[in-house]
Structures are given as C-alpha cells and as structure tokens.
Amino acid sequence: MTKRYYITTAIAYPNGKPHMGHAYEAIATDVIARFKRLDGYDVRFLTGTDEHGLKIAQAARAEDVEPRAYVDRMSQPFIALDRQLGISFDRFIRTTDADHKALCQELWTRMAEQGDLYLGRYEGWYSVRDEAYYDEAELVVAEDAAGKPIKLSPQQTPVEWTVEESWFFKLSAYAEPLLKLYAEQPDFIQPISRFNEMRSFVAGGLSDLSMSRTSFDWGVPVPGSPGHVMYVWVDALANYLTGAGGLEGEWWPADLHVIGKDVVRFHTIYWPAFLMSAGIALPKAVFGHGFVLNRGEKMSKSVGNVVDPAAMAERFGVDRLRWFLVREVAFGEDGSYSDEAIIERTNADLANGIGNLAQRSLSMVGKNLDGAMPGPGEAAGLDALNDSLEMLTEAYFAAMNGLQLHKALEAVMGMVAAANGFFAENAPWSLAKTDVGAMANVLHATLDATRRIVLLVQPVMPEASARLLDLLGVASDARDFKDIGVIVDTGTQLPVPQGVFPRWSEAV
RNA sequence: GGCAGCGUAGCUCAGUUGGUGAGAGCGCCGGAUUCAUAACCCGGAGGUCGGCAGUUCAAAUCUGCCCGCUGCUACCA
C-alpha cells in the first residue's frame with residue numbers, strides 16, 4: 001500500500017489582494033508536498049479561500065454586488081498567484097463550495113448530538129455601523145459633543161453593550177483532553193515555542209465558545225436554527241475535512257496543517273476540540289510559521305511597504321523567489337526580505353553555487369568529450385567527496401522530515417561546497433592537457449554530485465531543477481529520491497549547456 | 001502585571017552536563033587560478049559573547065539584579 005500524506009495550508013480571506021504572507025505559506029507548503037511526492041508518498045495538497053463572514057458581506061454591499069459574486073471575483077487572484085508560483089495543490093477549496101456547506105452542517109449536527117452545543121447569549125461591545133463586536137481592550141475612549149466620555153471602536157464608530165442569542169460550544173469540557181493530547185503528542189504543535197504557548201493557554205482553563213451569529217447572514221446556516229449562521233472558524237477549519245473527502249473522507253486525518261503563527265490557537269485548541277466532540281480523528285501535526293517582514297517591518301498599507309508577490313515573482317523569477325524564502329527564512333521564525341537580500345542570497349547560492357558548479361563541469365564535457373557523459377573512475381579525494389555527499393544527504397532528509405526546511409537547504413549548499421572543492425583540488429582543466437582519462441573521472445564525479453544536489457533541490461525549484469536535470473542527462477523517470485543512486489549511463493549525449501541561474505547584476 | 005524566550009563578528013545565526021586559542025554562512029580585503037556565470041579554491045581582517053555583581057581554580061555557558069527586544073496571556077484606570 002502506498003504511503004499517503006495529506007497536507008494543507010490555511011485558507012486565505014479574500015477581502016483584498018494576496019500578499020507575501022500568502023505566497024510564503026503556499027510556497028513552504030508546496031515544498032513539503034513536493035518533497036513527499038518525490039519521497040514516494042501519494043500526496044493530497046489542499047489550499048483555498050475562506051469566503052464567508054461579516055467583512056466579506058460588508059465589502060460586497062459597499063460595491064453593491066452579491067457576496068457570492070464578490071468572492072467569485074476576489075478569489076481569482078489567489079488562484080492565479082498559486083498557479084504562477086507553481087503551487088502543486090490538488091484542490092483549491094472555497095468555503096462557498098456546495099460540498100463544504102453540507103459538510104459544515106454535518107459536523108455541526110455531530111457536535112450537537114454529542115451534547116456539546118447549547119443556546120445561550122453572547123454579550124459584548126457592539127458597533128452597529130461596523131456590525132462587529134470588539135473587546136474592551138480594543139476600544140478607545142473619546143468625548144461626545146457634550147464632552148462626556150464615550151467608547152469608540154478602533155474604526156472610531158460608537159459601540160454599545162449588546163446581548164445577542166448565540167449557540168455555544170462546551171470548549172471548557174475539553175481542556176483536560178487537550179492537555180492529554182499535548183502530553184502524549186508533543187509534536188502536535190510546532191515549533192516548540194508555539195506548543196508551550198498553547199499548552200499554557202489551555203492550562204489556564206477554557207471558556208465556552210460562541211459558535212453562531214445572528215447579526216449577519218453571509219455564512220453557513222446553523223441546522224434547525226433559523227437566523228443563525230456558523231461562527232467563521234467552524235466554517236473555516238472544516239475545510240480540511242471537506243478537502244479530505246468528507247467526515248469519513250479517505251484522506252483524513254491530515255498529516256500536517258501549515259498555518260501562520262497568528263492562527264495557531266484556532267488550529268491547536270478549537271479545531272481538535274471540535275473533532276473530539278464530533279468523534280473524528282485529529283490531524284497529526286500543526287506547524288505555525290512566522291511572518292515575512294519587509295526590511296524587518298510588518299507590511300501594511302499605511303506604511304506603504306506592501307509588496308505584491310506576483311510582481312516579485314515576475315521580476316526575480318519564481319524559482320529564485322522560492323529559493324530565497326525557503327533558504328533565508330528559518331522555518332517557524334519570522335524572516336526579513338529585501339531586494340538586496342534576494343539578489344545577494346540567490347547570486348551566492350544559485351549563480352555562484354549550484355549553477356556555476358553545473359556549468360563548469362558541463363562545459364568541459366562539451367569541449368573535451370564531445371558532450372558524452374563520462375563513466376565513473378578513480379580520482380583524488382573521491383572517497384572523501386562521497387562521504388560528504390552521503391552525510392549531507394542524510395542531514396537533508398532529517399531536516400526536511402523535521403520541517404527544518406532552511407536546514408535542509410543549508411545541507412545542500414554543503415554538498416555544493418564539497419563538490420566545488422573536489423573539482424578545484426583535481427583541476428580537471430590541467431588534466432585535460434596531460435591525462436584525459438583522469439579528467440573524465442573528475443568530471444563524472446562532479447556531474448554526479450551535481451545530479452544528486454539537483455535531485456534534492458527539486459521541491460524548492462521545480463522548474464529550474466527540471467532544466468538542470470535535462471542538461472545533466474538525467475532520464476525523466478529517474479528523478480525521484482529512490483533514484484538517487486542511479487547514475488547517468490556512460491556515453492549519454494548531453495545537450496549544449498546553458499546557464500540556468502544567471503548572476504543578477506542589476507543595481508537595486 | 002503574569003508566563004515563556006531572546007540579546008555572540010557589518011548581516012543571519014550555531015555554540016550550556018562551565019575548561020584546549022569563541023565558530024559557520026553571507027558580505028568585505030588579499031592571494032592563487034582560469035574549467036566556469038569577475039564565479040570556484042586558499043588565506044585574512046573583524047567580536048568588552050547586552051550591562052553590573054556574584055559562585056568557581058576556571059563562565060558566552062551557573063546565580064542575582066539592571067537595560068533592550070519578542071511571543072502568549074491578564075488587567076487597571
């Protein structure tokens with residue numbers, strides 16, 4: 001039976017254009033998905049958009065269009081960005097999809113049958129103009145016309161204490177089961193810093209959760225309770241089940257939810273509690289990644305430093321952008337990006353490193369061996385080179401499987417350095433004049449090292465890797481990780497080499 | 001306010017059962033080389049290891065206090 005792997009991103013809220021955060025999450029998740037496929041897994045990769053809720057309804061009304069028409073349009077740039085970035089999703093789910101609505105209601109019914117849902121009242125500071133509740137802490141104090149102190153929302157609209165009927169979920173009953181889950185499965189929440197935060201939060205006790213709203217209707221209707229739509233997180237989280245094929249879906253449980261650090265609580269407390277209530281298996285792990293900051297600052301419209309990921313990919317190229325984000329940002333930590341950083345990083349790693357390694361050895365095969373792949377043979381330092389490659393390959397797999405994506409690429413760069421060192425040490429350009437056979441051995445070893453390197457880099461740079469493997473004469477059916485020991489047939493005619501990673505010399 | 005974590009070369013960071021001269025990558029400088037994308041290879045410069053005090057024969061590594069930063073969380077007015 002084939003090994004299976006079900007991985008998801010969070011779903012994006014399409015009330016604006018996709019930003020770097022979406023691109024980053026999609027790319028990181030795609031790298032893991034592609035890694036698993038190359039490693040022999042049957043992979044299901046789900047991503048999509050979260051299309052219900054008040055803000056969408058308001059935005060649609062502001063444009064005087066139906067919410068459905070609004071999200072039909074607003075979700076398109078997200079799909080387009082995924083396509084542009086080479087995101088290998090199997091389904092782009094939209095929470096307005098018909099099967100998802102039905103699933104949400106099934107899930108709700110299960111939780112209700114379990115006795116975990118009850119009708120109560122939701123109270124809070126409510127802004128009629130915003131149609132939203134705010135926490136006390138969010139409010140600002142101002143003065144009215146008469147000089148009396150009043151409370152305003154963050155949008156400067158008046159708020160009043162409001163009581164609304166709402167369904168509640170007995171989240172409080174799940175504190176102990178959750179703590180047990182964390183104790184038994186400490187890698188359920190990653191990285192460890194997030195794990196500690198969530199465990200501490202749960203240990204402090206949980207309050208029941210408001211699960212429905214009556215103040216707007218753009219959402220999934222609560223079964224048998226007219227006027228109520230489901231709390232957005234029920235709707236949003238359930239997408240993972242819909243994408244798995246339903247409550248008893250063939251792909252469930254998920255192996256990994258990749259999400260932003262800002263939604264860790266929903267995925268590691270609410271979500272498993274909902275599933276426990278409904279008697280459904282829990283996902284294996286949740287990974288909360290960090291944010292990508294623009295020169296160390298959070299991107300915001302008011303600061304005017306918002307970067308369009310589509311334009312970024314267009315300018316630098318998809319593979320260069322993907323490499324930078326995965327290599328430069330410690331997965332799980334925040335990262336910083338700038339044009340200079342992208343250029344510096346990719347010039348060093350791709351142009352000077354992988355690209356140059358391939359080019360220098362390939363060009364010698366072209367000039368000295370008529371482009372015919374040389375066979376293996378003795379060379380000085382060959383054993384040491386192979387030991388390094390083997391050790392670093394192990395480090396790569398350990399890092400990838402441990403979701404230390406950046407560490408995996410660090411290991412790959414170690415392989416590049418080992419291969420370059422071996423090449424320089426043997427100086428095949430000198431051997432070309434004295435001992436062509438020895439030269440051929442060096443070229444073979446270097447090309448095979450390059451082949452191994454490029455195989456490992458495929459999840460990150462699928463397009464460029466494919467071109468490099470073509471140049472290296474690697475058969476299209478010998479590019480999975482199981483083929484890592486399969487050398488290219490001696491005598492294989494190699495195409496005329498072309499630089500795959502040109503050095504970026506444009507001034508910023 | 002509580003809990004947790006962090007502060008080591010220009011940048012990003014590794015380095016705690018305390019003990020040979022404090023490290024890596026990138027950047028920078030020099031050398032060598034010419035197969036290659038002015039790349040690769042070799043070498044070098046650069047750090048009061050946030051600050052102060054303490055424990056110890058010995059502390060980046062332990063303790064206390066202080067400064068700065070981050071995350072989670074709570075709350076007053």
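Keep in mind that the numbers below use all heavy atoms, side chains included, and drop hydrogens, waters and symmetry copies. Naming: A, B, ... by sequence-line order, numbering from 1 per chain.
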key: For A:P309, all residues meeting side chain to side chain contact (heavy atoms under 4.5 Å, CB included), sequence neighbours excluded   = A:M20, A:A23, A:L81
ask   = Can you tell me the Watson-Crick or wobble partner of B:rC41, both distances under 3.5 angstrom?
value = B:rG31
query = On a whole-Å scale, what distance lies between the P atoms belonging to B:rG31 and B:rC69?
reply = 45 Å
task = Please give the nucleotide sitting opposite B:rC69 as a Watson-Crick or G-U wobble pair, both distances under 3.5 Å, or none.
result = B:rG5
ask   = When you compare B:rG7 with B:rU17, how far apart are their C1' atoms, in angstrom units rounded to a whole number?
value = 24 Å
ask   = Over how many whole Å does the gap from A:N347 atom CG to B:rA39 atom C1' extend?
value = 10 Å
Enumerate the protein-to-nucleotides 22-31 of chain B contacts in which both atoms are nitrogen or oxygen and the separation is below 3.5 Å.
| residue | atom | partner | partner atom | Å |
| --- | --- | --- | --- | --- |
| B:rC26 | O2' | A:E344 | OE2 | 2.7 |

ask   = Given the C1' atoms of B:rC67 and B:rA24, what is the spacing between them in whole Å?
value = 29 Å
key: P gap between B:rC29 and B:rG46, integer Å   = 16 Å
request  = Only counting residues at least two apart or in another chain, list the ones meeting ring-ring contact (aromatic ring centres under 6.0 Å, His included) with A:H22.
outcome  = A:H19, A:F78
query = Under 4.0 angstrom, heavy atoms only, what part of the nucleic acid is A:S200 near: base, sugar-phosphate, or nothing?
reply = nothing
note = Sorted by position of nearest nucleotide on RNA chain B, 5' first, the leading residue of A:G353 and A:K261 is A:G353
key: Distance between P atoms of B:rA59 and B:rU12 (Å, rounded)   = 29 Å
key: All pairs passing side-chain hydrogen bond (donor to acceptor under 3.5 Å, both in side chains) where residues 319-329 of chain A contributes a residue, at least two apart   = A:D30-A:R322, A:R320-A:T346, A:W323-A:D349, A:R327-A:D349, A:E328-A:R345
message = Can you check the distance between B:rC49 and B:rC6, where both ends of the measurement are the C1' atom (answer in whole Å)?
response = 14 Å
Results of ring-ring contact (aromatic ring centres under 6.0 Å, His included) for A:F266 - residues two or more places apart only = A:W233, A:Y270
P atoms of B:rG43 and B:rA4, separation to the nearest Å = 45 Å
ask   = In chain order, what residues pass the ring-ring contact (aromatic ring centres under 6.0 Å, His included) check against A:Y174, with sequence neighbours excluded?
value = A:F169
request  = Return the value, rounded to whole Å, for the distance between atom OH of A:Y337 and atom C1' of B:rU12.
outcome  = 18 Å
key: Nucleotide B:rC40, atom P - distance to CE of A:M364 in whole Å   = 18 Å
request  = Take the protein atom CD1 of A:I189 and the nucleotide atom P of B:rG71, then report the distance between them rounded to whole Å.
outcome  = 19 Å
request  = Using the ring of A:F291 (Phe, Tyr or Trp, six-membered ring only), decide whether A:K261 places NZ or CZ under 6.0 Å from its centre and within 45 degrees of its axis.
outcome  = yes
remark   = Residues at least two apart in sequence or cross-chain that pass side chain to side chain contact (heavy atoms under 4.5 Å, CB included) with A:D489, listed by chain then number, are A:T492
message = Looking at B:rC57, which nucleotide sits across from it as a Watson-Crick or G-U wobble partner, both distances under 3.5 angstrom, or is there none?
response = B:rG19
task = Send over the distance from A:L443 CG to B:rA36 P, rounded to a whole Å.
result = 12 Å
query = Between A:V234 and A:Y231, does a side-chain contact (heavy atoms from CB on, under 4.5 Å) hold up when you go through it step by step?
reply = CA-CA 6 Å; A:V234 181; A:Y231 172 51; 4.2 Å; yes
ask   = Which residue lies toward the 5' end of RNA chain B, A:E328 or A:V416, if each is placed at its nearest nucleotide?
value = A:E328
ask   = Please give, in whole Å, the distance from B:rA4 P to A:F201 CZ?
value = 18 Å
message = Which nucleotide wins on minimum distance to the side chain of A:N420, given the candidates B:rC40, B:rU37, B:rC35?
response = B:rC40
task = On the 0 to 90° scale, with breaks at 30° and 60°, tag the A:Y396-A:F481 ring pair as parallel, tilted or perpendicular.
result = perpendicular
task = Considering only atom C1', compute the distance from B:rA39 to B:rC26 and round it to an integer number of Å.
result = 15 Å
Electrostatic pair A:D470:A:R467 at N-O distance under 4.0 angstrom = no
note = When rounded to whole Å, the CD1 to P distance for the pair A:I192 and B:rC3 reads 19 Å
note = The nucleotide from B:rU37, B:rG71, B:rC41 with an atom nearest the side chain of A:R194 is B:rG71
message = Restricting to side chain to side chain contact (heavy atoms under 4.5 Å, CB included), what partner residues turn up for A:P186, sequence neighbours left out?
response = A:F195
key: Distance, rounded to the nearest Å, where A:E333 contributes CD and B:rU12 contributes C1'   = 11 Å
note = Mate of B:rG47 across any strand shown (Watson-Crick or G-U wobble, both atom pairs under 3.5 Å) is none
message = Just to be sure I understand the geometry, which residues of residues 386-409 of chain A put a non-hydrogen atom under 4.0 Å away from RNA chain B?
response = none
query = Do the side-chain N or O atoms of A:K367 get closer than 4.0 angstrom to the phosphate oxygens (OP1, OP2) of B:rA36?
reply = yes
